[in-house]
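What follows is a set of notes on a single structure, which appears directly below.
Keep in mind that what you see is a predicted model, and the values were worked out from it rather than measured. Atoms within a ligand are numbered from 1 in the order they appear, just like the ligands themselves.
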Amino acid sequence: MSTSESKPHAADAVGVNIHTRDGFSGDMCSTLRPNSVHEFARVVGPHAPHRFGLCSMPLRDRADASELPIKLLGGRAGLSVSASGLAAPAPYAWRNVECDEVHFVQEGVLDIVTSFGTLRAEPGDFVYIGRAVGYRLEPVDSPTTRLIIEVPERVRIATSLPFGVLDPGQKVVRPDAAKTSARSGPGELWLRSFDGITKYSTPGDPLALTQILGGEPPVWKVNLTSIAQQTTSIRMSPPAQFAGTASRNALFFNLSARANDRPPHHVNADYDELIFYFRGPTAYGAIDAPGTLTWCPKGTVHWGAEEDVAGEYFAWLLECNDTLRLSPEGKDVASLMETGLFGLHPTSAT
Ligand SMILES: [Fe+2]
């Protein structure tokens, strides 16, 4: 048997399986197995792949703007994932005192009024709000649907290539400091910490701003469709990273359609994988509903869908070192998932 025959390519051998360290950047061992190893007949316990339909789940803050987003997943090191459907201006200003926040806008348009000016957020936008930045949300075109990632470390624009994936000068937008909050009278400021919410009543607007005297506002946005994809001449390449923490505990990638072979069966030793399907028109594997979130916990074998499709789709990936768990509310809206094409598992009730 020749060398090439003894090492089938991932695209034509379902038994090819890779074990990786440090996500896409560490040691890797590739194996060939006699059978597909990502499937499971049943599972009992908390470390199991699930998916969520963001646009079909009940969101409390859609009917009552004073309600909080619902938490879907939480990690033991502090990373969390929540969903919001705000339809009217929130009556309070918010300040997360322990986490940076990354909001992904699925539906609707919002003005994110911050203590450094205002950003208008539209579908496909990632909005970064640094730790201890005060802000208030004012829907412009509702209903809105957002996914909120809280990261207990600083998140920065950090691309996997020095040039080409993202043009920060053109595509990363900072808030308009000339467009500031103008609420008169007493205000309300809710501080978010690990143990809940602390509510301050303030004599004036806590977000009021005259001007920025220097420095860079710790708030920005970038649209998923502005981030380029990457591949290689052998069609096996990691997706394009565009943001992350210096520790590499949380990394964001563009996972939209591209010229690349289907990935092999994969054991990701160090990261839980969250994939979010923004929109088509083409499906990503078994996912064709915009706003679908998948969660594959670290160490569970998964395959994944074909990325080189006719047409296009837009999706992104978050790798997080934190080990996530479904929250009590997340259990109510999550469905068990198979990890070949990320469809519902045959034993899933919904
Ligand atoms: Fe993977």
Side-chain angles (χ1 to χ4, degrees), residues 8-33 35-40 43 47-52 73 75 79 81 149 160 224 227 229-232 234-245 248-278 283-287 292-309 313-325 334 336-343 345:
H9 201 265
D12 51 28
V14 296
V16 173
N17 178 269
I18 61 170
H19 179 281
T20 64
R21 298 307 309 260
D22 304 316
F24 296 108
S25 61
D27 296 335
M28 187 264 285
C29 185
S30 177
T31 55
L32 178 63
R33 302 183 188 279
N35 54 288
S36 179
V37 292
H38 71 89
E39 295 166 318
F40 60 95
V43 59
H47 203 74
H50 283 79
R51 55 179 256 180
F52 308 82
L73 292 157
L79 190 141
V81 181
I149 316 289
S160 50
L224 175 61
I227 303 165
Q229 264 297 12
Q230 63 185 21
T231 188
T232 66
I234 59 168
R235 294 169 55 89
M236 286 300 288
S237 165
Q241 181 190 318
F242 64 92
T245 62
R248 301 185 61 78
N249 283 337
L251 302 170
F252 291 84
F253 302 84
N254 182 2
L255 200 70
S256 302
R258 60 180 177 149
N260 206 55
D261 281 348
R262 188 175 181 183
H265 293 179
H266 181 206
V267 176
N268 192 332
D270 296 298
Y271 291 103
D272 283 31
E273 296 184 13
L274 291 163
I275 295 173
F276 189 86
Y277 176 81
F278 171 45
Y284 170 60
I287 299 173
T292 299
L293 172 69
T294 74
W295 166 52
C296 194
K298 61 175 60 65
T300 58
V301 188
H302 53 279
W303 191 356
E306 198 68 66
E307 299 171 0
D308 191 0
V309 298
Y313 64 81
F314 292 92
W316 51 272
L317 163 70
L318 168 63
E319 287 197 322
C320 69
N321 183 263
D322 209 348
T323 298
L324 300 177
R325 286 291 178 261
L336 192 65
M337 181 180 76
E338 58 84 15
T339 58
L341 295 172
F342 300 132
H345 190 270

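Using a cut-off of 2.8 Å, one finds that Cys296 contributes no N/O/S atom close to the Fe ion (ligand 1).
Between the CH2 atom in Trp295 and the OG1 atom in Thr300 there is a gap of 8.5 Å [rounded to 0.5 Å].
Counting only heavy atoms from C-beta outward, the side chains of Phe342 and Tyr277 never approach each other to under 4.5 Å.
Nearest N, O or S atom of His266 to the Fe ion (ligand 1): atom ND1. When the N, O or S atoms of Glu273 are ranked by distance to the Fe ion (ligand 1), OE2 comes first.
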Any chance you could lay out the ring pair (Phe, Tyr, Trp, His ring centres under 6.0 Å) test for His302 and His266, step after step, and finish with the verdict?
CA-CA 5 Å; His302 53 279; His266 181 206; 4.9 Å; yes
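Classification of Arg235 and Asp261 as a salt-bridged pair holds, one side-chain N sitting under 4.0 Å from a carboxylate O.
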